[in-house]
Amino acid sequence: MCGIIGYIGASKAIPIVYSGLASLEYRGYDSAGIAYFLNDDIKVIKEKGKLINLKEKLNFDTDTFLAIGHTRWATHGEASITNAHPHSVGKFTVVHNGIIENYSTLKEELKMRGYTFKSETDTEVIPALLDYYYKDEQDILKTINKVSKKLIGSFALGIICRDDANAIYALKNSSPLIIAKSKTGNFLASDVPAILKYTNKYILLDDGDMAKITKDTITIYDTNLNTVNKETLTFTGSKKTAEKNGYEHFMLKEINEQDKVFKDTIGSYFDGTINSLEKNFGFLKNFKKINIVACGSAYHTGVIAKHLIEEYANILVYTEVASEYRYQKNFYDEDTLVILVSQSGETADTLAALRKAKNDGIKTLAIVNVLGSSVARESDYCIYTKAGIEVSVATTKAYLSQLTVFSLITMYLGYINKVIKKDELESIFKDIKKMPKLIKEEINNYQEYYNIADKISKNKQIFFIGRGLDYANSLEGSLKLKEISYINSVAYQAGELKHGTISLIEASTPVIAIATNKDLVDKTISNIKETKARGAFVIYESFIEPVDKFYDEFIKIPEVHPILESILTIIPLQLLAYKVAKNNNCDIDKPRNLAKSVTVE
Ligand code: M6R
């Protein structure tokens, strides 16, 4: 959600900043812009829509060595050239990721001081405030520090001032911002992919930090303007993780990486012995209740985990979406562990839920993919998923890595709580070994799922049904399909259908029914038959071979222990969704209106 990049150095800045913006495209945006220094003045170029529109207005050969750029995901005001960033007032030009919650009050105050505003954005008050306070301070850092105390909300800012053609200034609160040093110049950026072409070393700014970045130096200041030293981190993944590597879409590439992601995630915490689980998950013993809080697909892994942990570890689990959890009354106590699940680790609602729990003195565990992200840093405990950089807005490999961590947690808790006995544990260990091969086989089986996708791509709505754990699997199958194909899709508990929703089933309505729970399969089949009797086009997904043919298509998946089964259940559904979206010419990696990292409420 909004991407920021800034560069100052020995190379021409516009091509570098433009390519940085291109690597932040995955975050989601609907307009973009660049500001740069030329002949001691600041030039701003902005455009609506895709980056290619901006490219047409830029001269890559311009003799400028300092530029800041922005991709905007509209919140305050429509996607337009006027609302696009950078925003300039007086001597200051800024790019901003986040939301200024008190912008209306600030705007009114600034209007009374004679300022006028061109855009509908919350951001424009920032350069106006900078301009206003700079008149007295005459010192850029002191001015930024003063303004930071007036702003309420989330902000990662790149700031340039006409009085200093040799520096980019940065300020961070709640929205992510990194600083990086390379051989040919220095950077600020929202995320690592933007700098990977030039360096894999970076510094994470903390809330309240300010930075001054020149061609040769990076200086970081705290809220009292004292300089601070920060650890330099190294991105250890391959640069290629942020490239398509010959795949048509990042989503397809990321689906294809899932056997490796499973191996990497398992391998980080489990070496085939219970001791390794004890070492990595031993702290879980201290808790009697678990709350899992997350958004979107990450929330779906929480729904699956609830079923697994309750069934196999006898521990009460409550799962809730973060945007609800953060405002509701929560019945947690010192025996409760709140688990926050997030790919980005920057999702505003998840972060707010984490802060609420911490504020109430409740222990928190982050299951997060992005190293050093806010959720990871602020939680008491952190388990990193090992999915690598995920670019496609629709999560696939990060979702699978979250499920993998939950499998390990369930296995460990199940064993220490004596629900999973030694024999069963050993059979799970055996299944874990088989998983990468099984995952790869499913991926290689894509043509089978593509053929089914071709039969349903023109439908206006598609239902997913299942019971228990399979309902939880349905939630993700349905989200994957609707977010990238724009086909309306609903996941329903199979037994609940007859209480209203079945009225929507008509001739040829696709119903994707998941049945991996042996105890419930007959019940689910009865519900499937109810839809078939009303003309549904039934796609049945299971490892249980049916005796009679009540379906139109059968997606046969391999059977493993239920703790691992959801991983094998989702892969055909990811590929099915991908092909439906492709058939409908949708923008698969950047679906309309969506952002990769949702850093606003
Ligand atoms: O970064 P997070 O895991 O916290 O993001 C949560 C959701 O925004 C995310 O899973 C979203 O639902 C995806 N678009 C699903 O593919």
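Whatever order the structure lists ligands and atoms in, that order sets their numbers, starting from 1. Treat the numbers as computed from the prediction; the structure is a model and nothing was measured.
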A.B. asks: Just need the protein heavy atom nearest to atom 14 (N) of ligand 1, so name the residue and atom and give the distance.
C.D. replies: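 Among all protein heavy atoms, the one nearest atom 14 (N) of ligand 1 is Glu483 OE1, 2.8 Å.
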A.B. asks: Provide the number and element of each atom of ligand 1 under 4.0 Å from a heavy atom of Ser344.
C.D. replies: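 Here the atoms of ligand 1 in question are 1 (O), 2 (P), 4 (O).
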A.B. asks: To which protein heavy atom is atom 10 (O) of ligand 1 closest, and what is the distance rounded to 0.1 Å?
C.D. replies: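 It is Ser297 N, 3.1 Å.
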A.B. asks: Leu594 to ligand 1: N or O pair under 3.5 Å?
C.D. replies: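 Such a contact does not occur with ligand 1.
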A.B. asks: Indicate yes or no: does Lys50 engage Asp30 in a salt bridge with an N to O separation below 4.0 Å.
C.D. replies: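 Answer for the salt bridge query: no.
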A.B. asks: Return the closest protein heavy atom for atom 6 (C) of ligand 1 as residue, atom name and distance.
C.D. replies: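 The closest heavy atom on the protein side is Cys295 O, 3.3 Å.
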A.B. asks: Can you tell me if Tyr446 has over 12 outside heavy atoms packed within less than 6.0 Å of its OH?
C.D. replies: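 No, because the 6.0 Å sphere around OH of Tyr446 holds 12 heavy atoms or fewer from other groups.
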A.B. asks: Less than 4.0 Å is my threshold; does some heavy atom of His300 fall inside it relative to ligand 1?
C.D. replies: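 Heavy atoms of His300 never come under 4.0 Å of ligand 1.
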A.B. asks: Compute the minimum heavy-atom distance from Ala394 to ligand 1 and say whether it is under 4.0 Å.
C.D. replies: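 Yes, Ala394 has a heavy atom closer than 4.0 Å to ligand 1.
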A.B. asks: Using a plain distance cutoff, I'd like to know if Gln343 has any nitrogen or oxygen under 3.5 Å from a nitrogen or oxygen of ligand 1.
C.D. replies: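 Yes, since at least one N or O of Gln343 sits under 3.5 Å from an N or O of ligand 1.
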A.B. asks: Using distance alone, determine whether Gln402 and ligand 1 share an N or O pair under 3.5 Å.
C.D. replies: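 Such a contact does not occur with ligand 1.
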A.B. asks: Verify whether the ring centers belonging to Tyr312 and His561 lie closer than 6.0 Å.
C.D. replies: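 So the answer is yes for these two rings.
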A.B. asks: Backbone, side chain, both or neither: what part of Glu346 comes under 4.0 angstrom of ligand 1, heavy atoms only?
C.D. replies: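 It is neither part, as no heavy atom is under 4.0 Å.
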A.B. asks: Closer than 4.0 angstrom, basic N to acidic O: yes or no for Lys582 and Glu248?
C.D. replies: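 Between Glu248 and Lys582 there is a salt bridge, with a charged N closer than 4.0 Å to a carboxylate O.
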A.B. asks: Does Asp454 come within less than 4.0 Å of Lys579, counting only side-chain N to carboxylate O?
C.D. replies: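 Yes, charged N to carboxylate O under 4.0 Å.
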A.B. asks: Ring centres under 6.0 Å, that's the criterion: do His76 and Tyr103 meet it?
C.D. replies: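 Yes, ring centres under 6.0 Å apart.
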A.B. asks: To the nearest 0.1 Å, how far is atom 8 (O) of ligand 1 from its closest protein heavy atom, and which atom is that?
C.D. replies: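 Result: Val598 CG2, 4.0 Å.
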A.B. asks: Should the pair Asp206-Lys172 be classified as a salt bridge under the 4.0 Å nitrogen-to-oxygen rule?
C.D. replies: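 Salt bridge: no.
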A.B. asks: Please find the pair of heavy atoms, one from Leu365 and one from Ile409, that lie closest to each other, and give the distance.
C.D. replies: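 Shortest heavy-atom separation between Leu365 and Ile409 comes out as CD2-CD1, 4.5 Å.
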A.B. asks: Which ligand 1 atoms are under 4.0 Å away from a heavy-atom of Lys480?
C.D. replies: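 Contacts of ligand 1 toward Lys480, numbered from 1: 15 (C), 16 (O).
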A.B. asks: Would you kindly specify which portion of Thr347 sits under 4.0 Å from ligand 1, judged on non-hydrogen atoms: side chain, backbone, both or neither?
C.D. replies: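 Side chain only.
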A.B. asks: Can you list the atoms of ligand 1 that are under 4.0 Å from a heavy atom of Val393?
C.D. replies: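 So the atoms of ligand 1 that pass are 13 (C), 14 (N), 16 (O).
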A.B. asks: Measure the acute angle between the ring planes of Tyr578 and His249, then classify it against the limits of 30° and 60° as parallel, tilted or perpendicular.
C.D. replies: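 Judged by the thresholds at 30° and 60°, the geometry between Tyr578 and His249 is perpendicular.
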A.B. asks: Taking both backbone and side-chain atoms of Ser342, is any N or O found less than 3.5 Å from an N or O belonging to ligand 1?
C.D. replies: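 Yes.
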A.B. asks: Run the side-chain contact (heavy atoms from CB on, under 4.5 Å) check on Ile571 and Ile443 step by step: do they pass?
C.D. replies: CA-CA 7 Å; Ile571 293 167; Ile443 295 168; 3.9 Å; yes
